[in-house]
Number of protein chains: 2
Amino acid sequence: MLTDQPLEDMPPHPGEHRAADIVVATIEQDIVSGLLENGSLLPPERDLMGRFGISRTVVREAIATLTTRGLLESKPRHRPVVRKPGYDAAFSAVGGVVSHLLRQDGGVKTLYDVRIFLEASLVRHAALHARKEDIAALRAALERNHAAIDDPVLFDNTDVAFHAVFYGILGNPVFPAVHRAFVTWLFEHWQSMNRSPEQNLIYYAGHKAIFDAIIDRDPDAAEKALLAHLGEAWETVRGTF
Amino acid sequence: MLTDQPLEDMPPHPGEHRAADIVVATIEQDIVSGLLENGSLLPPERDLMGRFGISRTVVREAIATLTTRGLLESKPRHRPVVRKPGYDAAFSAVGGVVSHLLRQDGGVKTLYDVRIFLEASLVRHAALHARKEDIAALRAALERNHAAIDDPVLFDNTDVAFHAVFYGILGNPVFPAVHRAFVTWLFEHWQSMNRSPEQNLIYYAGHKAIFDAIIDRDPDAAEKALLAHLGEAWETVRGTF
DNA sequence: CTCCAGATTTGGTCCGACCAAAATTCGGAG
DNA sequence: CTCCGAATTTTGGTCGGACCAAATCTGGAG
């Protein structure tokens with residue numbers, strides 16, 4: 001006989017969920033409840049299908065769904081890694097769509113403009129409300145940036161780190177995640193540019209101007225400096241993609 | 001014999017594409033090229049498997065992949081709908097993760113704070129750079145809001161519409177999408193509150209204060225009014241979830 | 001103890017079938 | 001002819017089995 005009746009009998013369920021939904025909900029529960037530890041590996045697919053009494057098809061669909069929801073992180077040939085949902089997960093989940101948006105028309109410019117607007121507001125906020133420790137972090141980042149002028153790779157890193165400070169001052173976890181998303185999405189599109197020490201010096205000067213304005217508690221000057229800096233940066237990369 | 005050899009022979013391709021990838025790429029192409037119109041229904045799965053000469057499993061996986069990329073919008077028992085990737089698609093793609101984030105600790109407040117910060121920057125920008133037509137749109141939205149004070153549902157709509165104007169002034173399509181995402185995510189959490197005409201009057205006054213400050217081209221006053229308005233709104237809803 | 005080859009595990013892909021919900025067709029009542 | 005409900009077809013959801021290749025484990029040679 002090909003048609004074995006299912007081991008589980010669930011006929012009295014009229015308007016229930018799909019089988020995959022139950023699996024998704026269960027695993028979801030296990031993740032948020034901590035039963036499945038963050039960073040741990042999901043059990044093998046054949047395990048799950050036995051545990052839930054379902055076919056591997058459904059298991060794989062459930063895994064796919066959980067991956068899109070950011071609760072799992074699956075690499076091609078490896079076991080899915082359990083990820084407790086965080087703000088970064090939200091942004092990484094949209095990577096696919098964003099890559100399309102960036103490819104069409106002025107997609108990169110559109111995103112870059114958002115970054116400019118947001119960061120302008122952030123430096124303005126920093127000028128007005130930065131605490132001592134924020135200023136200290138900014139100064140440290142600036143110095144590291146200065147020390148890296150002759151090292152292209154390191155300069156890039158310290159550059160990003162300097163800007164990252166602004167996104168952290170608010171204390172709201174969304175902004176650092178936004179910054180990381182910006183860096184991830186935008187850098188993919190002008191990774192081919194080769195920075196010279198001269199170029200880096202200009203960028204550093206931009207950073208310092210922003211920093212000085214913040215020290216002076218001058219939001220308008222800080223915003224203006226940030227705008228000049230990012231506008232400058234845009235001009236040097238606009239042709240690289 | 002159960003093991004028919006595949007119609008396509010691709011042994012000389014060691015690390016090449018998978019069958020599903022070809023399907024994904026082709027459909028992706030058809031969508032971005034407009035061959036598959038936005039909003040139209042994807043052909044039945046059995047059609048696709050015939051057209052590509054592959055099994056339905058592969059078709060389904062391709063559909064799943066395209067869904068995660070935001071190019072398709074599939075509901076459980078229905079044909080997938082073709083969606084040309086837009087900025088709104090990006091945000092709707094993260095709905096799953098966000099719902100989790102909002103449920104934990106001060107998730108709603110965190111998101112609301114982001115909204116406050118962004119919108120404060122937007123009204124400031126509006127005060128400085130709003131054009132005639134922007135002011136007109138703002139005035140019209142404000143009047144509609146005033147006329148709806150006695151209609152709870154309509155007031156909500158006009159309220160959202162008023163705030164939406166600020167997100168549109170920049171002309172950057174990301175911001176309206178952000179606003180729609182805010183509304184979608186936040187409203188789910190305090191839809192149970194019943195607004196009274198008195199309450200609406202207070203809200204309207206807040207809107208008018210913002211508008212007046214923008215008319216006066218006073219960014220600081222506009223920002224302050226916005227902060228007061230949103231802070232006020234928060235206090236009335238913070239207990240409803 | 002180290003290291004490599006073979007055996008086992010496990011994810012990736014594919015197939016054909018069955019079921020139930022949805023869409024469509026169709027025939028009879030009005 | 002129109003309209004509505006039942007029968008039929010279409011279509012998405014699920015299933016179990018199979019094969020492959022990469023990853024992992026295991027055991028013996030050096």
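Since this is a predicted model, take the numbers as computed values, not measurements. Throughout, a chain's letter reflects where its sequence line sits, starting with A, and its residues are numbered from 1.
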*Which parts of residues 62-71 of chain B get close to DNA chain D, meaning a heavy atom less than 4.0 angstrom away?*
none
*Take atom CE of A:Met49 and atom C1' of D:dA18, then tell me their distance rounded to the nearest Å.*
12 Å
Sequence neighbours excluded, which residues qualify as side chain to side chain contact (heavy atoms under 4.5 Å, CB included) partners of [X]?
| X | result |
| --- | --- |
| A:Arg46 | A:Met49, A:Arg56 |
| B:Pro152 | none |
| B:Ser121 | A:Phe117, A:Ser121, B:Phe117 |

*Partners of A:Tyr167 by side-chain hydrogen bond (donor to acceptor under 3.5 Å, both in side chains), sequence neighbours excluded?*
A:Glu119
*Would you please name every residue forming a side-chain hydrogen bond (donor to acceptor under 3.5 Å, both in side chains) with A:Arg180, sequence neighbours left out?*
A:Asp88
*Determine which pairs satisfy side chain to side chain donor-acceptor pair (under 3.5 Å) with at least one residue from residues 145-154 of chain A, sequence neighbours left out, and list them in order.*
A:Asn145-A:Thr158, A:Asn145-A:His207
Distances under 3.5 Å only, N/O to N/O: pair up the protein atoms with those of nucleotides 5-12 of chain D.
residue, atom, partner, partner atom, Å
D:dG12, OP2, B:Glu45, N, 2.9
D:dG12, O3', B:Pro76, O, 2.9
D:dG12, N7, B:Arg46, NH1, 2.8
D:dG12, O6, B:Arg46, NH2, 2.8
D:dG12, N2, B:Arg77, NH1, 3.3
D:dG12, N3, B:Arg77, NH1, 3.2

_For residues 24-41 of chain A, which residue pairs pass the salt bridge (charged side-chain N to carboxylate O under 4.0 Å, His left out) check, not counting sequence neighbours?_
A:Glu28-A:Arg69
*Mind checking the CG-CG spacing from B:Asp159 to B:Asn157? Nearest 0.5 Å is all I need.*
9.5 Å
*Do the side-chain N or O atoms of B:Ser55 get closer than 4.0 angstrom to the phosphate oxygens (OP1, OP2) of C:dC14?*
no
